[in-house]
Amino acid sequence: MATLHVVPGVAMPRPAEAVFEKTRRGFADHLRARRLSKDTVRQRLRIARQVRAVADGYPWEPVWDRALFDRWSAMLADSVAISTMRKYQNDLALWRHAWPIVTAARRTHLGRRR
């Protein structure tokens with residue numbers, strides 16, 4: 001397995017994407033610790049990536065707001081059953097548990113202090 005090493009003084013390529021991926025890994029760990037199935041973990045991670053693509057931004061950016069979730073849900077409305085959409089919306093709500101990891105990772109990797 002390849003690992004990423006950050007060297008002091010060397011700029012990290014695409015730091016925001018690296019932070020987002022670190023958040024996804026943390027969320028996956030959170031889900032596995034609760035003994036959820038691999039398929040459930042994959043599904044929830046896929047939903048987070050799908051919304052990130054629709055947003056064209058990251059969870060810590062202002063674009064992740066209620067209007068984004070409404071737009072994303074409307075995009076799904078004609079292609080999935082209501083029960084599936086509700087599951088996806090619940091999966092996305094669970095993603096919010098990973099946001100504290102985003103804040104910590106952002107501080108560490110992007111050098112921002114708040």
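Computed over heavy atoms, backbone and side chain alike; hydrogens, waters and symmetry mates excluded. Just so it is clear, the model here is predicted, and its values are computed rather than measured.
A salt bridge links E17 to R52: at least one charged side-chain nitrogen sits closer than 4.0 Å to a carboxylate oxygen.
For F20, the ring pair (Phe, Tyr, Trp, His ring centres under 6.0 Å) test picks out Y58, W95, with sequence neighbours left out. In this structure, the side-chain hydrogen bond (donor to acceptor under 3.5 Å, both in side chains) partners of R34, at least two apart in sequence or on a different chain, are H30. Under the side chain to side chain contact (heavy atoms under 4.5 Å, CB included) criterion, V54 pairs with L68, R71, W72, M75, sequence neighbours left out. Every residue two or more places apart in sequence or in another chain that forms a salt bridge (charged side-chain N to carboxylate O under 4.0 Å, His left out) with D39 is listed here: R42. Legend: residues meeting side chain to side chain contact (heavy atoms under 4.5 Å, CB included) with A81, ordered by chain and number and at least two apart, are S83, T84. Partners of S79 by side-chain hydrogen bond (donor to acceptor under 3.5 Å, both in side chains), not counting sequence neighbours: none found. In this view, D29 and R32 satisfy the side-chain hydrogen bond (donor to acceptor under 3.5 Å, both in side chains) rule, not counting sequence neighbours.
Rounded to the nearest 0.5 Å, atoms CD (Q50) and OH (Y88) are 7.5 Å apart. In this structure, CE in M85 is found 12.0 Å from CG in N90, a value given to the nearest 0.5 Å. Rounding to the nearest 0.5 Å places CD1 of I47 at 7.0 Å from CG of L76.
For the pair S73 and Q89, the tightest heavy-atom approach, listed with the atom from each and the gap, is OG-NE2, 2.8 Å. Between R24 and R46 the shortest heavy-atom distance is NH2-N, 4.4 Å. The two residues L45 and F27 have their closest heavy-atom pair at CD2-CD2, 3.8 Å. Annotation for V63 and A55: closest pair CG2-O, 3.5 Å, computed over non-hydrogen atoms.
Note on residues 83-95: pairs passing salt bridge (charged side-chain N to carboxylate O under 4.0 Å, His left out), not counting sequence neighbours, are R44-D91, K87-D91.
Remark: the backbone N or O of V19 is paired with a side-chain donor or acceptor of T23 at under 3.5 angstrom.
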